[in-house]
Asks: 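Quick one: the structure is below, questions incoming.
Being a predicted model, the structure only gives us computed values, none of them experimental.
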Amino acid sequence: MEYSAFQRISSEFHWLSKATTRKLTHAVHCKNLPPSITAWSLKGPICDCCVLYLPEGLFILAQTADELLLLREANQSWLELRIEPSRNVTAPYICKEGESIYISYVLAEEGQLCFIVKHLRSGNWRSHRYEFPQGACIDELQCIKAAYILGADQELHGLFQLRSKNRAADVLMSVRVSLFRGHEAEWQELFQYKGSASVWSLSLARDEHHRLHASWGIQTAPQQASYYYCSLSKGEHEKLSSQYVWKHEDSKVRMPAFLFGSNLLLLLFIDDKGHMVYGSSLTEGRSWQGIRTGTFGPEKVIQFVQMTKHSEQQYYPALVLGLGYPAFRPLEWFDLQPLLSDSCDGADGPDLSYIQAQLSSIRNLLSGSSDSLLSDVIEFVSYKGVLNRELMRWMEQWKKLDQEEQALISSRLPASKGTLEHLPLRHIR
């Protein structure tokens with residue numbers, strides 16, 4: 001079964017799969033219970049889909065051979081809305097910014113390749129159309145592959161592999177669209193390759209500081225793939241530039257993934273033997289250390305999955321590399337521990353000494369913090385003993401004052417004349 005999207009909602013694990021070319025299956029796994037499954041069959045084959053998990057429900061933007069559909073699951077049934085009745089649609093994407101749901105795709109229409117962005121708010125659809133640069137015709141330019149990421153400043157970023165038939169070249173184009181000011185779009189050509197026609201692997205990611213990172217892999221020879229990097233977090237109208245990262249002997253191009261650390265950027269992929277192949281940068285992608293490899297595990301234990309990420313008022317799908325089923329988690333820094341402990345010879349060994357230095361620094365910080373905490377506890381215990389002794393002294397003084405008060409009261413009372421009878425007996429007579 002081909003899994004395409006995952007989300008954890010409370011104690012439930014939600015998986016969406018494309019079981020066949022025409023069927024989508026949504027499975028919900030709960031602890032100690034069999035999975036709950038709902039399915040939806042479409043009229044035409046599913047070419048591509050994008051999944052968005054929102055608090056109000058599951059949304060799927062599905063591209064079929066004949067049209068673009070928006071599907072929404074409600075009460076274990078599916079609602080279907082036709083977005084674009086055209087077979088010339090590619091690269092669907094759906095996200096949410098504020099109160100609006102945004103849908104984007106590429107449309108080849110009337111001799112022009114266009115990037116379409118629609119948004120739904122308060123039950124009404126609005127559309128913006130952005131023509132690709134150079135006014136190329138459909139026969140000359142087509143969209144082969146695309147990747148998207150939602151920026152922090154109400155901006156949608158796209159990466160497109162475009163193929164020009166007349167020049168026998170592929171072009172990588174980026175676009176930045178302001179969702180707040182829908183008429184603005186900024187295009188830049190990042191890369192051009194003249195060679196054998198192939199589908200590139202495109203990757204976009206957003207780190208914890210909201211910086212945007214792009215990578216792409218190209219099959220440059222039958223047994224060789226090349227990988228490149230570009231930072232999309234540049235100033236307005238500042239030209240983007242790409243960096244060559246490495247070449248790798250492989251029969252196919254792999255999907256690159258990003259891992260982010262403190263002042264550290266890691267670009268990696270997993271090969272068919274389960275080896276992690278990675279390059280690292282301590283300069284925010286301006287320069288890269290050499291390629292390294294390390295044993296991670298069988299390829300089947302790790303996979304790319306769409307996950308819906310949430311940041312303030314934003315919900316956006318992102319492709320992440322992760323582990324596990326039915327529970328799933330993205331690959332994190334602690335997953336690099338096998339690489340740190342492996343002993344590899346030569347240049348192929350993992351050069352992660354700077355990570356070890358950071359871990360050592362963290363351990364020292366924690367050790368220093370624990371020593372400081374222990375000192376504070378000892379000081380608190382000593383202070384508590386002083387307070388207890390002071391409290392006992394005050395209790396002794398209070399007892400002494402109480403005795404003195406009783407003696408003073410007794411000395412001032414008049415002496416009794418005769419013996420008084422017991423009060424209960426006097427009351428009876």
Asks: With heavy-atom distances below 4.5 Å as the criterion, would you say the side chains of Leu61 and Leu68 are in contact?
Replies: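 Answer yes - side chains close enough.
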
Asks: Are Ser86 and Leu107 side-chain neighbours, meaning at least one heavy-atom pair lies under 4.5 Å?
Replies: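 Ser86 vs Leu107: side chains touch.
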
Asks: Mind checking whether Phe269 and His248 have parallel, tilted or perpendicular rings, split at 30° and 60°?
Replies: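 Because their plane-to-plane angle is over 60°, the rings of Phe269 and His248 count as perpendicular.
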
Asks: Is any side-chain heavy atom of Glu97 closer than 4.5 Å to a side-chain heavy atom of Leu156?
Replies: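 Not in contact.
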
Asks: Nearest 0.5 angstrom please: Met255 CE to Leu202 CG, how far?
Replies: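 If we round to the nearest 0.5 Å, Met255:CE and Leu202:CG are 7.0 Å apart.
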
Asks: State the CG-CG distance between Leu70 and Leu79, to the nearest 0.5 angstrom.
Replies: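 Going from CG on Leu70 over to CG on Leu79, the span is 9.5 Å.
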
Asks: Examine distances only and state if a side-chain atom of Ser215 and a backbone atom of Ser203 form a donor-acceptor pair shorter than 3.5 Å.
Replies: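 Not confirmed, Ser215 side chain does not pair with Ser203 backbone.
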
Asks: Report the relative orientation of the aromatic rings in Phe160 and Trp187; use parallel for angles under 30°, tilted for 30 to 60°, perpendicular for over 60°.
Replies: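 Judged by the thresholds at 30° and 60°, the geometry between Phe160 and Trp187 is tilted.
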
Asks: Verify, without hydrogens or angle tests, whether Ser10 (side chain) and Glu12 (backbone) share a donor-acceptor contact under 3.5 angstrom.
Replies: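 It does not hold such a pair.
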
Asks: Which atom names give the shortest non-hydrogen contact between Tyr53 and Ile9, and what distance separates them?
Replies: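 That closest heavy-atom pairing would be CD2-CD1, 4.2 Å.
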
Asks: Which heavy atom of Pro256 sits nearest a heavy atom of Phe304, and at what distance?
Replies: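 Result for this residue pair: O-CZ, 4.0 Å.
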
Asks: Could you check whether any side-chain N or O of Thr64 sits under 3.5 Å from a backbone N or O of Glu67, counting only pairs where one atom can act as donor and the other as acceptor?
Replies: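 Side chain of Thr64 to backbone of Glu67, a donor-acceptor pair under 3.5 Å: yes, one is there.
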
Asks: Are the side chains of Cys49 and Pro92 in touch, meaning some heavy atoms are under 4.5 Å apart?
Replies: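 No, their side chains stay 4.5 Å or more apart.
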
Asks: Are Gln314 and Arg206 close enough that a side-chain donor and a side-chain acceptor fall under 3.5 Å?
Replies: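 Indeed, the side chains of Gln314 and Arg206 share at least one donor-acceptor pair under 3.5 Å.
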
Asks: Is there side-chain contact between Lys96 and His310, with at least one heavy-atom pair below 4.5 Å?
Replies: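 Side-chain contact under 4.5 Å: no.
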
Asks: Between Val253 and Ala225, what is the shortest heavy-atom contact and its length?
Replies: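 Nearest heavy atoms, Val253 then Ala225: CA-CB, 4.2 Å.
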
Asks: Say whether Gln112 and Glu109, considering side chains only, have a donor N or O and an acceptor N or O under 3.5 Å apart.
Replies: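 Not at all, the side chains of Gln112 and Glu109 share no donor-acceptor pair under 3.5 Å.
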
Asks: Can any side-chain N or O of Gln161 pair as donor or acceptor with the backbone N or O of Trp200 at less than 3.5 Å?
Replies: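 Yes.
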
Asks: Can Leu81 and Leu69 be said to form a side chain to side chain contact (heavy atoms under 4.5 Å, CB included), step by step?
Replies: CA-CA 6 Å; Leu81 176 65; Leu69 299 173; over 6 Å; no

Asks: Are Glu80 and Lys43 within salt-bridge range, i.e. N to O under 4.0 Å?
Replies: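 So Glu80 does not pair with Lys43 through a salt bridge.
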
Asks: Examine Trp216 together with Tyr229 and report whether their ring centres are nearer than 6.0 Å.
Replies: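 No.
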
Asks: For residues Tyr325 and His29, is any side-chain donor paired with an opposing acceptor at under 3.5 Å?
Replies: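 The answer is yes; a qualifying pair exists.
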
Asks: I'd like to know if the side chain of Gln219 reaches the main chain of Ala221, judged simply by a donor and an acceptor atom lying under 3.5 Å from each other, with no hydrogens or angles considered.
Replies: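 Confirmed, Gln219 side chain pairs with Ala221 backbone.
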
Asks: What are the two closest heavy atoms between Cys143 and Val106, and how far apart are they?
Replies: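 The answer is CB-CG1, 3.9 Å.
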
Asks: Would the distance check show the side chain of Gln192 and the main-chain N or O of Ala169 forming a donor-acceptor pair, the cut-off being under 3.5 Å?
Replies: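 Not confirmed, Gln192 side chain does not pair with Ala169 backbone.
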
Asks: Which word best sums up how the rings of Phe191 and Tyr228 line up, parallel for under 30°, tilted for 30 to 60°, or perpendicular for over 60°?
Replies: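 Tilted.
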
Asks: Look at the side chain of Lys145 and the backbone N and O of Leu162, then say whether any donor-acceptor pair between them is shorter than 3.5 Å.
Replies: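 No: the side chain of Lys145 does not pair with the backbone of Leu162.
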
Asks: When rounded to the nearest 0.5 angstrom, what distance separates CD1 in Ile60 from CG in Leu52?
Replies: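 With rounding to 0.5 Å, CD1 (Ile60) is 10.5 Å from CG (Leu52).
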
Asks: Using atom types as modelled and distance alone, determine if a side-chain donor or acceptor of Ser226 lies under 3.5 Å from a backbone N or O of Lys247.
Replies: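 No.
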
Asks: Find out whether His26 and Trp40 are in side-chain contact, i.e. whether some heavy atom of one side chain is under 4.5 Å from a heavy atom of the other.
Replies: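 Heavy-atom side-chain distance check fails, nothing below 4.5 Å.
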
Asks: Would you please test Leu42 and Leu71 for side chain to side chain contact (heavy atoms under 4.5 Å, CB included) and show each step?
Replies: CA-CA 10 Å; Leu42 301 179; Leu71 308 176; 4.1 Å; yes

Asks: Taking all atoms of both residues into account, what is the closest heavy-atom pair of Tyr130 and Ala185, and its distance?
Replies: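 Between these two residues, the closest heavy atoms are CD2-CB, 3.4 Å.
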
Asks: Leu268 and side chain to side chain contact (heavy atoms under 4.5 Å, CB included): which partner among Thr293, Val277, Leu321?
Replies: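 Considering Thr293, Val277, Leu321, a side chain to side chain contact (heavy atoms under 4.5 Å, CB included) with Leu268 is found only for Leu321.
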
Asks: Could you give the distance from CG (Leu150) to NE2 (His210), rounded to the nearest 0.5 Å?
Replies: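 Leu150 atom CG to His210 atom NE2 measures 11.0 Å (nearest 0.5 Å).
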
Asks: Could you tell me whether Lys399 and Glu396 make a salt bridge, using a distance below 4.0 angstrom between a side-chain N and a carboxylate O?
Replies: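 Between Glu396 and Lys399 there is no salt bridge, as every charged N stays at least 4.0 Å from the carboxylate O atoms.
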
Asks: Going through the distances and angles, do Phe258 and Asp207 end up as a side chain to side chain contact (heavy atoms under 4.5 Å, CB included)?
Replies: CA-CA 9 Å; Phe258 289 98; Asp207 63 23; over 6 Å; no

Asks: Quick one about Tyr105 and Glu84 (side-chain donor to acceptor, distance below 3.5 Å, no hydrogens or angles considered), yes or no?
Replies: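 Yes, Tyr105 and Glu84 have a side-chain donor paired with an acceptor closer than 3.5 Å.
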
Asks: Check this for me: Glu390, atom CD, are more than 12 non-hydrogen atoms of other residues, nucleotides or ligands nearer than 6.0 Å?
Replies: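 For Glu390, atom CD is crowded (more than 12 foreign heavy atoms under 6.0 Å).
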
Asks: Does Glu208, at its CD atom, have more than 12 non-hydrogen atoms belonging to other residues, nucleotides or ligands within less than 6.0 Å?
Replies: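 Yes, because the 6.0 Å sphere around CD of Glu208 holds more than 12 heavy atoms from other groups.
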
Asks: Look at the aromatic rings of Phe260 and His213 and report parallel, tilted or perpendicular, splitting at 30° and 60°.
Replies: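 Rings of Phe260 and His213: tilted, 30 to 60°.
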
Asks: With no hydrogens and no angle check, is any side-chain donor or acceptor of Gln303 less than 3.5 Å from a backbone partner on Leu323?
Replies: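 No, Gln303 side chain to Leu323 backbone: no donor-acceptor pair under 3.5 Å.
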
Asks: If you measure only the distance, is there a donor-acceptor pair under 3.5 Å linking the side chains of Thr38 and Glu73?
Replies: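 Note: Thr38 and Glu73 side chains meet the donor-acceptor criterion.
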
Asks: Within this structure, what is the CZ-CG distance for the pair Arg176 and Asp153, rounded to the nearest 0.5 Å?
Replies: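 That separation rounds to 9.0 Å.
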
Asks: Find the distance between CZ (Arg8) and CZ (Phe13) and round it off to the nearest 0.5 Å.
Replies: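 The CZ atom of Phe13 is 4.0 Å from CZ of Arg8, to the nearest 0.5 Å.
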
Asks: Heavy-atom count check: over 12 atoms from other residues, nucleotides or ligands less than 6.0 Å from Glu249 CD?
Replies: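 It does not: Glu249 CD has 12 such atoms or fewer within range.
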
Asks: Apply the test side chain to side chain contact (heavy atoms under 4.5 Å, CB included) to residues Ile116 and Ile103: give CA-CA distance (whole Å), side-chain angles for both, the deciding distance (0.1 Å), then the verdict.
Replies: CA-CA 8 Å; Ile116 308 295; Ile103 289 174; over 6 Å; no

Asks: Is Ile83 close to Lys118 at the side-chain level, that is, under 4.5 Å between some pair of heavy atoms?
Replies: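 With C-beta onward as the side chain, the pair touches.
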
Asks: So do the side chains of Leu54 and Phe59 get within less than 4.5 Å of each other, counting heavy atoms only?
Replies: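 Yes; the side chains approach each other to less than 4.5 Å.
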
Asks: Would you name the heavy atoms of Ile149 and Leu204 that are closest together and state the gap between them?
Replies: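 Answer, listing the atom of Ile149 first, then Leu204: N-CD1, 3.8 Å.
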
Asks: Is there a donor-acceptor contact under 3.5 Å from the side chain of Tyr316 to the main chain of Ser311?
Replies: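 No; judged by distance alone, with no hydrogens or angles, the pair does not exist.
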
